[in-house]
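Below, read A as the first sequence line, B as the second, and so on, with proteins coming before strands; counting in each chain starts at 1.
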There are 2 protein chains.
Amino acid sequence: MTTDETVVPAVHRTARQRAREQITTELLGAARRQLAAEGAAGLSLRSVARELGMVSSAVYRYFDSRDALLTRLIVDAYDALGATAEAVAEAPESTAEAAAEDTGDLARWVNTARAIRAWAFDHPHEYGLLYGSPVPGYAAPETTVASGTRPSRALVGIVARAAAAGRLAPPSPAEAPPLPAALAAELEALARQIGADAVSPEVAVAMIGAWTQLFGLVSFELFGQTRNMVVGNAALFDAAVTRQALAIGLR
Amino acid sequence: MTTDETVVPAVHRTARQRAREQITTELLGAARRQLAAEGAAGLSLRSVARELGMVSSAVYRYFDSRDALLTRLIVDAYDALGATAEAVAEAPESTAEAAAEDTGDLARWVNTARAIRAWAFDHPHEYGLLYGSPVPGYAAPETTVASGTRPSRALVGIVARAAAAGRLAPPSPAEAPPLPAALAAELEALARQIGADAVSPEVAVAMIGAWTQLFGLVSFELFGQTRNMVVGNAALFDAAVTRQALAIGLR
DNA sequence: TGACTGAAGAGAGCAGTGCTCTCGAATTGG
DNA sequence: CCAATTCGAGAGCACTGCTCTCTTCAGTCA
């Protein structure tokens with residue numbers, strides 16, 4: 001960013017600061033609209049400037065470059081999707097809708113998956129920015145990583161809590177070959193690192209499988225890879241996701 | 001294309017035709033190199049023209065637009081990946097390497113998955129073009145669909161042949177809820193349509209799951225979604241892919 | 001062989017892009 | 001009230017995709 005966007009304490013903000021915030025918001029809004037309408041390739045700094053009646057060079061007072069703007073949009077999108085996922089994944093059991101719905105771990109997972117898919121369909125270009133092919137400069141380092149892992153962390157959290165509470169069903173009769181020792185150790189370390197100690201390597205593999213399949217399926221549906229197939233088929237999605245969740249041991 | 005590239009019978013081609021073919025090839029080669037080096041966004045018609053010592057407008061004699069060039073690259077990439085996958089998926093059992101290797105259906109699937117992953121790692125930008133977020137104009141209609149489904153068809157073929165030969169293991173004790181009737185019917189119709197009559201809806205769901213998980217995992221590995229995780233971990237990939245293949249019933 | 005047709009390349013030019021720089025005007029904090 | 005900072009405007013650079021015109025030359029047909 002051009003100036004570091006430190007959060008100003010509270011009340012006393014100068015008119016300039018308030019103007020800057022508002023214009024930043026308007027720029028982001030216009031950019032987001034163009035992104036939604038034309039996709040990332042069609043997003044031009046000049047045209048968002050034009051939309052706000054300002055000249056292109058003025059935008060550089062707010063964003064260092066087009067890439068910086070795009071990166072900001074990416075972070076925001078990650079947060080939006082993350083918040084959506086978290087809302088479902090971590091919904092307390094006492095929610096109104098929860099009264100009627102099943103609130104088991106399995107239902108939590110499936111509902112979260114559905115929410116992610118729904119968000120993706122509502123924001124296809126943004127989803128593409130997040131989980132499609134990355135373009136060079138974007139979303140480089142630390143900034144995005146915290147937001148970028150949010151959606152996935154929501155999913156992992158479901159499993160981690162279920163595992164910690166001993167609510168995970170034992171794996172089905174071991175038909176799969178055992179994991180290589182090195183991989184098992186790696187996964188165990190990883191689980192500990194993210195504070196999911198109760199997640200065994202076997203469960204981790206199943207979870208990673210479910211995770212990648214979820215986003216793989218959504219991407220295929222969205223990017224037209226399933227054109228000749230059952231497209232946008234919610235029932236298929238549910239079936240596939242449910243089967244993966246069962247394989248993790250969620251019930 | 002500017003002129004329809006009908007395959008000239010054989011021998012008698014005029015010098016002009018030969019020149020056109022060669023220049024087309026050189027253009028594609030240069031474009032492919034730039035794509036590999038800088039990614040799709042960095043591929044410019046003018047710079048490939050420059051590389052061949054011609055002026056930008058001359059390139060339009062060979063490709064209608066930048067999008068047409070890119071579409072051609074996409075089709076070629078699909079074919080390259082498809083050929084790679086087919087070579088492994090349909091390798092006769094009598095191959096030299098097959099003597100030492102396992103040639104069961106399971107091994108076939110896993111090896112094909114490995115080949116796809118390896119190709120993706122060798123051609124990251126091309127893979128991104130194929131399975132990343134699509135950009136508006138590209139790869140629109142019929143042209144790509146035949147090539148575009150090749151990699152996936154190689155995988156499906158393994159299952160279809162195994163199913164037809166009755167070599168599929170029965171599903172594990174039914175812990176998953178039965179498929180909705182409508183979905184089952186749809187999948188059955190789909191299977192018949194692609195000439196895989198022996199593939200039951202349950203197997204189809206497992207296969208679609210394995211398929212989407214495969215590409216989801218590769219995409220995550222390639223696009224950096226797994227940065228903080230076990231990155232480029234072949235053992236993890238193998239484990240996940242094997243488990244999915246087992247769920248299909250491959251042995 | 002010679003003339004006509006069509007293809008290929010060169011070059012100029014247009015509209016658009018991201019980005020830089022400079023120069024006034026306005027707002028701020030001392 | 002004044003100096004310092006911030007902001008917007010404008011011109012300009014290098015680049016892009018694409019179109020148009022003009023010239024040259026290979027292929028074909030009489």
Sugar-phosphate, base or nothing in reach of Ile23(A), heavy atoms under 4.0 Å: sugar-phosphate
Rounded distance (Å) that lies between atom P of dT6(D) and atom CE of Met54(A): 16 Å
Donor-acceptor under 3.5 Å (Tyr127(A) side chain, Trp119(A) main chain): no
Cation-pi check, Arg117(B) onto Phe121(B) ring (under 6.0 Å, within 45° of axis): yes
Side-chain H-bond candidate by donor/acceptor type, Glu21(B) with Gln17(B), under 3.5 Å: no
Tyr62(B) side-chain N/O to dG9(C) phosphate OP1/OP2 under 4.0 Å: yes
Integer-rounded Å distance: dA8(C) P and Phe63(B) CZ: 12 Å
Backbone of Arg46(B) reached by a side-chain donor or acceptor of Arg66(B) within 3.5 Å: no
Separation of dT17(C) C1' from Leu69(A) CG (nearest whole Å): 14 Å
Whole-Å distance separating the CZ atom of Arg20(A) from the P atom of dT28(C): 13 Å
Interatomic distance where CD belongs to Gln34(A) and C1' belongs to dG16(C) [whole Å]: 14 Å
Atom-to-atom span, CD of Glu51(A) to P of dT17(C) - whole angstrom: 13 Å
Check: Arg20(A) side chain, Arg61(A) main-chain N or O, donor-acceptor pair, under 3.5 Å: yes
Arg32(A) side chain vs Glu126(A) backbone, donor-acceptor pair below 3.5 Å: no
Aromatic plane relationship, Phe220(A) with Phe215(B) - under 30° parallel, 30 to 60° tilted, over 60° perpendicular: tilted
Leu183(B) and Asp238(A), any side-chain heavy atoms less than 4.5 Å apart: no
Distance under 6.0 Å and angle within 45° of ring axis: Arg114(A) vs Phe237(A): no
Base versus backbone protein contacts along nucleotides 21-30 of chain D [heavy-atom cut-off under 4.0 Å; B, S, -]: ----BBS---
Nucleotide-resolved protein contact map, nucleotides 13-20 of chain D, B/S/- at heavy-atom distance under 4.0 Å: ---BBBBB
